[in-house]
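Have a look at the structure below, then the notes.
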Amino acid sequence: MTLSESANEDLPLVTCVARARIPTTTGPDIFLHLYANNRDNKEHLAIVFGEDIRSRTLFRRRRGETQQERMVRGAYVGRLFPGRTLADTDENLGLSLQFDEATGALKADHATTWHKQDTLVRIHSECYTGETAWSARCDCGEQFDHAGRLMGLNREGDIIGGAGHGVIVYLRQEGRGIGLGEKLKAYNLQDLGADTVQANLMLKHPADGRDFSLGRAILIDLGIESVRLLTNNPDKMAQVEYPPHLHCVERVPMIPLSWVNDHEGIHSFEIEGYLRTKVERMGHLLQKPLKLHSASKQNNSTTVTTHTIV
Ligand SMILES: [Zn+2]
């Protein structure tokens with residue numbers, strides 16, 4: 001029995017259905033994992049940096065399956081190439097997976113499988129407007145891009161990156177869990193003067209209806225044990241805790257790009273209000289550097305004043 005199959009009310013059952021390599025326009029290859037679960041019918045995802053981060057449910061040997069079937073669903077080691085016949089061994093790279101003969105479970109040996117290291121993780125909730133429709137009402141698209149960039153980098157400023165390893169768990173819970181239709185109504189209420197929290201409450205939704213238990217289950221399925229979590233939301237750190245299997249060891253902040261550089265990031269009336277609400281009403285740990293980018297003009301002063309945006 002694997003962890004994700006163990007009986008626990010808190011933890012949904014998740015199964016990785018398929019995994020594929022995606023070459024990206026901006027950085028390293030990623031491995032997109034699609035999950036099924038026993039809580040809803042949505043296709044939740046894990047965007048994985050690192051070929052050696054392996055889903056236990058995807059890689060477990062199934063009775064009677066062929067090596068071709070394993071390759072097609074993505075349960076292979078190394079890299080596919082035309083004419084390859086074995087999923088469990090990549091002869092070009094000299095990699096071979098090991099399995100428990102009795103259960104078929106993958107043996108997570110260090111030569112082939114990412115193991116017991118602090119892993120950069122972002123738990124990201126779907127935001128169609130911010131990620132696809134160029135919305136400047138929120139910073140979801142920017143945060144998504146930023147998380148992926150950090151996972152590919154060794155370091156960015158003071159922040160240690162993932163150096164090619166990391167996981168973005170992508171949960172299909174649009175609009176803090178209320179769905180796109182209700183989110184659009186909330187936007188109209190915001191244009192009528194409400195903030196993002198008030199708007200949800202006026203529509204009789206919770207301020208935040210998201211459920212991160214699927215995120216925990218997916219991380220455990222991927223063999224992640226200790227997490228460096230990319231977030232400004234201290235509540236999210238508690239939501240990835242699942243002792244003894246999963247711990248958050250560090251919070252890695254995500255500073256809006258527009259606060260660091262005038263010429264980058266999102267500049268809009270709406271984003272200022274959105275970030276203000278996150279800080280004031282949702283407890284996000286976010287400090288805006290005051291005039292950081294014009295510090296050099298201030299009479300040679302190198303002091304940078306910061307304050308929480310109000
Ligand atoms: Zn958004």
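Note that ligands are numbered from 1 as they come in the structure, with each ligand's atoms numbered from 1 the same way.
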Is there a side-chain contact between Asp191 and Arg137 (heavy atoms, below 4.5 Å)?
->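 They are in side-chain contact.
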Please confirm whether His124 and Phe144 have ring centers closer than 6.0 angstrom.
->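 So the answer is yes for these two rings.
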Would you give the length of the straight line joining atom CD1 of Ile30 to atom CD1 of Ile168, rounded to the nearest 0.5 angstrom?
->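 Reported value, rounded in 0.5 Å steps: 8.0 Å.
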Taking only residues two or more places apart in sequence or in another chain, which ones pass salt bridge (Lys or Arg N to Asp or Glu O under 4.0 Å) with Asp195?
->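 Result, salt bridge (Lys or Arg N to Asp or Glu O under 4.0 Å) vs Asp195: Arg281.
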Which protein N, O or S atoms lie under 2.8 Å from the Zn ion (ligand 1), given by chain and residue number?
->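 The answer is Cys127 SG, Cys138 SG, Cys140 SG.
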With sequence neighbours excluded, tell me which residues meet ring-ring contact (aromatic ring centres under 6.0 Å, His included) with His263.
->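 Once residues adjacent in sequence are excluded, His263 has no partner under the ring-ring contact (aromatic ring centres under 6.0 Å, His included) criterion.
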Residue pairs involving residues 224-237 (criterion salt bridge (charged side-chain N to carboxylate O under 4.0 Å, His left out); sequence neighbours excluded) =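 Qualifying pairs: Arg228-Glu250.
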